[in-house]
Enquirer: 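Here's a structure for you.
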2 protein chains.
Amino acid sequence: MEATWQEQLRAVGLRVTRPRLSVLQVLAERPHADVDTIVTAAREVHPTLSPQAVYGVLQALVTGGLARRIEPAGAPALFELRVGDNHHHLVCRSCGAVADVDCTVGAAPCLTPSDTAGFVVDEAEVVFWGLCRDCRVGKPSETTKVPEHHDRGGVHE
Amino acid sequence: MEATWQEQLRAVGLRVTRPRLSVLQVLAERPHADVDTIVTAAREVHPTLSPQAVYGVLQALVTGGLARRIEPAGAPALFELRVGDNHHHLVCRSCGAVADVDCTVGAAPCLTPSDTAGFVVDEAEVVFWGLCRDCRVGKPSETTKVPEHHDRGGVHE
DNA sequence: GTCCTTGATTTGACTCGATCAAGAAAACCG
DNA sequence: CGGTTTTCTTGATCGAGTCAAATCAAGGAC
């Protein structure tokens, strides 16, 4: 599997290094990992890996288009390898869990704003907020970040 | 205009204080202000206002449903008074300018994910990324945060 | 109008995510 | 197998945001 990583790294002009392969492997196993998770996991195969190295690797991967950075409001940045397909995310308000969601609508009416106010839009980002199954059944996993929730509007109409 | 602020504060069980009125007035003038902007602007009418007070005021307003917090990726949090209508935002990659965009689509197909992966969704958040008019015409306002831009997918299909 | 209780603000320290910079190490080319 | 360039390590630094104790003000009671 790492052979593919090597090719992909070279394809975007990046050198093939152990930290990069380690980070790529972690991201392949954990689709939405934050930096701390990546460092911890990657150290299983590369114990001397530093957090700053991971930041550097991730920035290189994102710049090269091999990874994508997502930043749910109020949470540290997460990284994923799924790039190219413009999929969206479900985020749990309680535990912060993230799940991918493919947009099943080809032409997305709501994603081409009628009044762009002079902006040239090149990307539309959608985040669905809610509660994951585990948190919903009364098991607020580990971190209960949003104990009380103020609803204001519901799901877009 | 402050009479309305007073009513609104009382309506959600909050005391009417100078910091709160100041912050509300600033938000009414600047629809998408960050904390620093609010502090600076509010000090024109309340010079001793502390940043922490603004944080407290904003949290109270958000909790009470009078304000909404938006956090564009990579930028400090912004606050706005438009609540209740689930409108979306255009964000400039270069200068960070934010503009409101009303969703013209009543039923939003793309905003009800087909596979919710066990999540109970209560809000859909949409952010349109692009360049504002000023930054597009070669005047990258002040902070050029994203000099080179890697496009990866365009506007959702 | 004044007092009192509760809630809000001030002040200061502190946490956490992320970035920057200089030197050491490694990857790739020939 | 060197040489050059990129990348990683190490350590300091920054900024947004939070926490906690003490002070202060708002608003109802008297």
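So that the names make sense, note that chain A is the first sequence line, chain B the second, and so on, each numbered from 1.
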Enquirer: Would you say B:Leu131 ends up clustered with B:Leu90 if hydrophobic residues are merged whenever their side chains have heavy atoms under 4.5 Å apart, either directly or through other cluster members?
Expert: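 No, B:Leu90 does not connect to B:Leu131 through the hydrophobic network.
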Enquirer: Return whichever of A:Arg15 or B:Gln52 has its heavy-atom-nearest nucleotide of DNA chain C closer to the 5' end.
Expert: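 Mapping each residue to its closest nucleotide by heavy atoms, the 5'-most match is B:Gln52.
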Enquirer: What residue among A:Arg30, A:Arg69, A:His89 forms side-chain hydrogen bond (donor to acceptor under 3.5 Å, both in side chains) with A:Glu80?
Expert: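 Exactly one candidate clears the test, A:His89.
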Enquirer: Between P on D:dT6 and CG on A:Leu61, what's the gap in Å once rounded to a whole number?
Expert: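 Those two atoms, CG and P, are 17 Å apart.
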Enquirer: Quick one: does A:Glu125's side chain get under 4.5 Å of B:Val126's, heavy atoms only?
Expert: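 No, every pair of side-chain atoms sits at 4.5 Å or beyond.
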Enquirer: Does a side-chain N or O from B:Tyr55 land closer than 4.0 Å to OP1 or OP2 of D:dG17, or not?
Expert: yes
Enquirer: Using a cut-off of less than 4.0 Å, is there contact between a side-chain N or O of A:Arg69 and OP1 or OP2 of C:dA18?
Expert: yes
Enquirer: Using atom CG of A:Leu58 as one end and atom P of C:dA18 as the other, report the distance to the nearest whole Å.
Expert: 10 Å
Enquirer: Please tell me if A:Thr17 has a side-chain N or O lying less than 4.0 Å from either OP1 or OP2 of D:dT6.
Expert: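 Checking A:Thr17 against D:dT6: no side-chain N or O falls below 4.0 Å of OP1 or OP2.
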Enquirer: Please check the phosphate of D:dG27 (OP1 and OP2 only) for any side-chain N or O of B:Arg10 closer than 4.0 Å.
Expert: yes
Enquirer: Does OP1 or OP2 of D:dT9 have a side-chain N or O of A:Arg18 closer than 4.0 Å?
Expert: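 Looking at the OP1 and OP2 atoms of D:dT9, neither is under 4.0 Å from any side-chain N or O of A:Arg18.
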Enquirer: What is the nucleic acid contact for B:Ala77, judged by heavy atoms within less than 4.0 Å: base, sugar-phosphate only, or nothing?
Expert: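 Sugar-phosphate, no base atom in range.
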Enquirer: Before giving the answer on side-chain contact (heavy atoms from CB on, under 4.5 Å), spell out for B:Leu21 and B:Leu9 the whole-Å C-alpha distance, their side-chain angles and the decisive distance to 0.1 Å.
Expert: CA-CA 9 Å; B:Leu21 293 174; B:Leu9 286 171; 4.2 Å; yes
Enquirer: Does A:Arg20 place a side-chain N or O at less than 4.0 Å from the phosphate oxygens OP1/OP2 of D:dT7?
Expert: yes
